[in-house]
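Single-structure report; data block below.
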Amino acid sequence: MSGATAKLSSYHLAAALRREPDPAAALRLFLNPTSSAARPSSSSSPPFRYSLRCYDIIVCKLAAARLFPAMESVLAQLPSSLRPREPLLCRVISAYGRARLPGAARRAFAHPSFPAPRTARALNTLLHALLACRAPLPELLSECRGSGIHPDACTYNILMRAAVVESGSVENACLLFDEMLQRGIAPTVVTFGTLVTAFCEAGRLEEAFKVKEVMSLQYNIRPNAHVYASLMKALCEKGKVDDAHRLKEEMVSNSEPLMDSGAYATLARALFRVGRKGEVVSLLEEMKKRGITVGREVHNAMIAGFCEDEGDLDAASAALDDMQKGGCKPDSVSYNTLVGGLCKMGRWRDASELVEDMPRRGCRPDVVTYRRLFDGICDAGGFSEARRVFNEMVFKGFAPSKDGVRKFVGWIEREGDVASLESVLCQLASINALESSEWEKAMSGVLHDPAEQKIVKLLDNLSLA
DNA sequence: GTAGGGTTAG
């Protein structure tokens, strides 16, 4: 009977946690389940029994809100009797990766609340998080070896991508590909997609097309939308828009056509770039005729075209409204493009208003939103508004760009406001936005007073501790 | 949300 009550209660708590949009409020609910709707029937009932589901929900919410200390304390009290599973651990690891906190990602991988052994899935999540933090390839390789986990195709795909990101050369990726074959691990469509993209990014289109041929002829793996998108983008960058158009025809006129709107986004953007925006209209008609949904990326490509190629902010704004009316919800990329465009035209007050309106329109500003707004305002010299945006973004845990901070700090220094300077640097340190050597370099151009430079050094040491 | 692209930063 009491078991049933506990189950019911944790079920209600899970529902309440899911409903609660504010992560801090969700945490209060989680910590005080008996004061919530999950209240057990009598005060003499046994202590509240959390289900694994409750832990899942609260941990994910805290991770998404980057409330890491709170998340860690919840994880620490997660009883092993609930047998938490690896997918939850993976979410924690990738949250640290997204927050660019490689050390924390590593520690999470070894978290004692999750019973050993780890599988390739956890290892791959860690590697991907480290890749997001731009950790060099040798570090990823040693992480692999140190774990003693047998790598799979996904492991190699991440390592190959890391090789390209690090050195910009395709050779290491090819070596890893050979190693993977030698170890008897079969390449997947993702492996070939990674290779195609690598050759494309290096401007080596002949080899990229060769990979496409090899995968279909030798491995009997059909190129997918990712492969086509990479090739089309590379063709467009070389000015071969018509070749890209033909490749798109191949993609959609196959026996099993790929109905992916991403490739159309590339074409639409390219047409804007070369001043052929008139053809975008027929491109959209073609999609409709073929029954391909005009996806978010296509709308975003048009917004970018109006902003950056046409310099027509009103048209861009209208495109965003059309998108919404057409039932396609604008995302942060849509807004960020417009915010950037407005700032570039010196209309940072409009940009600021748009950002303030975003939550009401159902889109949370992200790190790019704030960086563009902050940079734009600093560029235009609107420093008192910049201070407001700075406080807001730091409060939400987003780090401003180095460039913006340089201008901002330069202004504070010209004002001679040492107290303000100290508080700004403390705020940056509080969100781990100060990394020692780079910042010292960035700031030494701005801070001439040795006393001020001492502040920077002091804070550097603090942020490293 | 274990991997790859397309629309924005860098």
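Below, read A as the first sequence line, B as the second, and so on, with proteins coming before strands; counting in each chain starts at 1.
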Strand contacts (DNA chain B) in [range], 4.0 angstrom heavy-atom criterion:
range                       : result
residues 165-187 of chain A : none
residues 116-123 of chain A : R121(A)
residues 283-295 of chain A : none

Quiz prompt | Step-by-step ring pair (Phe, Tyr, Trp, His ring centres under 6.0 Å) determination, F199(A) to F209(A) | solution = CA-CA 9 Å; F199(A) 279 121; F209(A) 276 99; over 10 Å; no
Quiz item: In the 5'-to-3' direction, what one-character label does each nucleotide of nucleotides 4-10 of chain B receive under the scheme B = base within less than 4.0 Å of a protein heavy atom, S = sugar-phosphate only, - = no such atom?
Solution: BBBBBB-
Self-check item: Electrostatic pair E206(A)-K238(A), nearest N-O below 4.0 angstrom
Solution: no
Exercise. Quick one: which residue pairs count as a salt bridge (charged side-chain N to carboxylate O under 4.0 Å, His left out) with a foot in residues 92-111 of chain A, not counting sequence neighbours?
Key: R106(A)-E139(A), R106(A)-E143(A)
Quiz prompt | Under the side chain to side chain donor-acceptor pair (under 3.5 Å) test, residues paired with S230(A) that sit two or more places apart | solution = T197(A)
Self-check item: Donor-acceptor side-chain pairing of T369(A) and D366(A) below 3.5 angstrom
Solution: yes
Practice problem: Could you pull out the closest heavy-atom pair between V424(A) and F390(A), with the gap in Å? | Solution: CG1-CZ, 3.6 Å
Quiz item: Do the ring planes of F383(A) and W411(A) sit parallel (below 30°), tilted (30 to 60°) or perpendicular (above 60°)?
Solution: parallel
Quiz item: Is there side-chain contact between R246(A) and K240(A), with heavy atoms separated by less than 4.5 Å?
Solution: no
Exercise. Could you give me the CA-CA distance, side-chain angles and deciding distance for V92(A) and H111(A), then say whether side-chain contact (heavy atoms from CB on, under 4.5 Å) is met?
Key: CA-CA 10 Å; V92(A) 172; H111(A) 205 292; over 6 Å; no
